[in-house]
Amino acid sequence: MPELIEIEYYREALDALVGGMIDSVDIPDERFTRPKGTPIEPFAQLAGERLLKTSRLGKLLCLHIGPVGDPEAEVLLGLRFGMTGRLLINGSGPIDKLEYASGRDEPAWDRFTLTVDGNRVSIRDQRRLGSIELEPDLERLGPEASTVTAEQLAVALTGRTKALKAVLLDQQLIAGLGNLLVDECLWRAGLAPSRPVNDLSAHEIERLAVMIVDTVADLSARGGSHTGDSFDARNEHAQCPRDCGEMRHDTVGGRSTWWCPVHQV
DNA sequence: ATTGTGGCCTGCCCGC
DNA sequence: TGCGGGCAGGCCACAA
């Protein structure tokens, strides 16, 4: 479930530990490191350093780690949460329950644990779809969705033929939107998810950019990606909350998609 | 280069 | 009750 909004909640929670000393790093299983096959050792060597800062780009949460007062020696540790990953601090998460995740909650699913001044920070990820990476390449991510401008959006769309939804999900083009946020943004903007992007007018692009920024802000304040106006209509035979048309279920960009054919055109 | 597909992983839910 | 298939809100490697 975690999309930009949830990752930002994680970052804010983690921010309380900035300045602390990393006592230990525990990665039980090499399958969680990226790129695949990266040994655990370089991660373990972060013990003894300090957590200097946190940052986020899209769904990537970054920990800036190193000795105080020596920016040259700073190392970036990137955390990705996949679909089922949660950040736990001392056993509890900023988000209590993941939609669509298992009702169970096993400490055995802790794929990565950092101890900062005695506080346990863990990624609990049942399916191991998340990962950790040293010095992640930030250049591979597009502009941040929560502040995306019409100009940036236009750049992402130009020269492409993909379905609109597929582009919005592509982290290289726009960073941070996941399946739920995209469906809500398109529902609010009145745009069909399967529209080829080269078909959008300048006016529609502008409207969509504003809608993305507003929707992210709105749902952040409400409490998560699952609090959209269209969320309850992600069901068979559900009615569109705007115009009472029947919601339609399709696969677009390889993802399960709910939309309203009446007002999304 | 761009685009679509399948795989990674695991658990749950449904129908037989 | 047991079993197989399909599905899940992310991301990557790969083929066309």
Side-chain angles (χ1 to χ4, degrees), chain A residues 1-10 28-38 56-61 78-87 95 97-112 123-133 136-138 140-142 145 155-187 193-198 215-216 219-220 222-228 230-236 249-259:
Chain A
M1 142 214 232
E3 305 184 31
L4 171 167
I5 294 173
E6 285 73 25
I7 309 305
E8 179 61 16
Y9 295 156
Y10 294 160
D29 186 334
E30 207 168 87
R31 279 186 289 175
F32 208 63
T33 61
R34 291 291 181 281
K36 267 193 141 108
T38 303
R56 178 189 60 75
L57 179 52
K59 302 178 203 171
L60 179 70
L61 176 55
L79 312 185
R80 291 174 201 279
F81 294 85
M83 287 202 285
T84 50
R86 281 188 301 158
L87 186 77
I95 303 165
K97 173 177 163 293
L98 279 181
E99 305 285 333
Y100 281 54
S102 160
R104 281 168 50 207
D105 189 22
E106 305 282 348
W109 298 337
D110 288 353
R111 311 302 180 187
F112 164 79
I123 299 180
R124 185 163 294 180
D125 182 5
Q126 177 180 0
R127 286 173 64 186
R128 271 188 261 255
L129 293 172
S131 61
I132 55 174
E133 183 176 9
D137 183 5
L138 303 180
R140 284 174 46 199
L141 292 171
V155 168
L157 304 188
T158 347
R160 294 172 202 286
T161 56
K162 269 194 193 181
L164 178 54
K165 173 164 178 173
V167 169
L168 297 181
L169 283 173
D170 188 333
Q171 303 301 300
Q172 298 198 56
L173 301 178
I174 300 167
L177 302 179
N179 203 30
L180 283 188
L181 276 176
V182 167
D183 277 5
E184 175 73 8
C185 288
L186 293 176
W187 182 85
S194 54
R195 272 280 287 281
V197 290
N198 55 7
T215 301
V216 169
L219 303 202
S220 294
R222 289 189 197 173
S225 308
H226 59 288
T227 60
S230 65
F231 182 75
D232 289 338
R234 302 178 71 81
N235 289 298
E236 223 55 63
H249 188 31
D250 288 314
T251 298
V252 182
R255 314 306 302 280
S256 175
T257 301
W258 292 90
W259 63 291

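Proteins get letters first, then strands, A, B, ... in listed order; numbering begins at 1 in each. FYI, side chains are in, hydrogens and waters are out, and symmetry mates aren't considered; it's all heavy atoms of this structure.
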Checklist outcome for this item: Those stems involving DNA chain C that have three or more consecutive Watson-Crick or G-U pairs, both distances under 3.5 Å, are B:2-8 with C:10-16, B:10-16 with C:2-8
Item to check | Nearest-Å distance for atom pair CD/C1', residues A:Gln172 and B:dT3 | outcome: 12 Å
Next on the checklist: Just to be sure I understand the rule, does A:Gly178 reach a base, reach only the sugar-phosphate, or reach nothing, if contact means heavy atoms closer than 4.0 Å?
Outcome noted: sugar-phosphate
Next on the checklist: Applying a 4.0 Å non-hydrogen cut-off, can you work out what A:Arg140 is touching in the nucleic acid: base, sugar-phosphate, or nothing?
Outcome noted: sugar-phosphate
Next on the checklist: Using the P atom as the point on both nucleotides, what is the distance between B:dC9 and C:dC14, in whole Å?
Outcome noted: 14 Å
Checklist entry - What integer number of Å spans the C1' atoms of B:dG11 and C:dC12? => result 22 Å
Item to check | Atom pair distance, as rounded to whole Å: NZ in A:Lys162 and P in B:dT5 | outcome: 12 Å
Checklist entry - Taking the same atom, C1', in C:dG9 and in B:dT3, what whole-Å distance lies between them? => result 22 Å
Item to check | Spatial distance of atom CG (A:Leu186) from atom CZ (A:Arg195) [nearest 0.5 Å] | outcome: 10.5 Å
Item to check | Nucleotide of B:dC9, B:dG11, C:dG9 approaching A:Ser256 most closely (side-chain heavy atoms) | outcome: C:dG9
Checklist entry - Should the pair A:His249 and A:Trp258 be assigned to parallel (<30°), tilted (30 to 60°) or perpendicular (>60°) ring geometry? => result parallel
Checklist entry - Who pairs with A:Arg222 by salt bridge (Lys or Arg N to Asp or Glu O under 4.0 Å), at least two apart in sequence or on another chain? => result A:Asp218, A:Asp229
Next on the checklist: Roughly how many Å apart are B:dG7 and C:dG5, using the P atom of each and rounding to a whole number?
Outcome noted: 14 Å
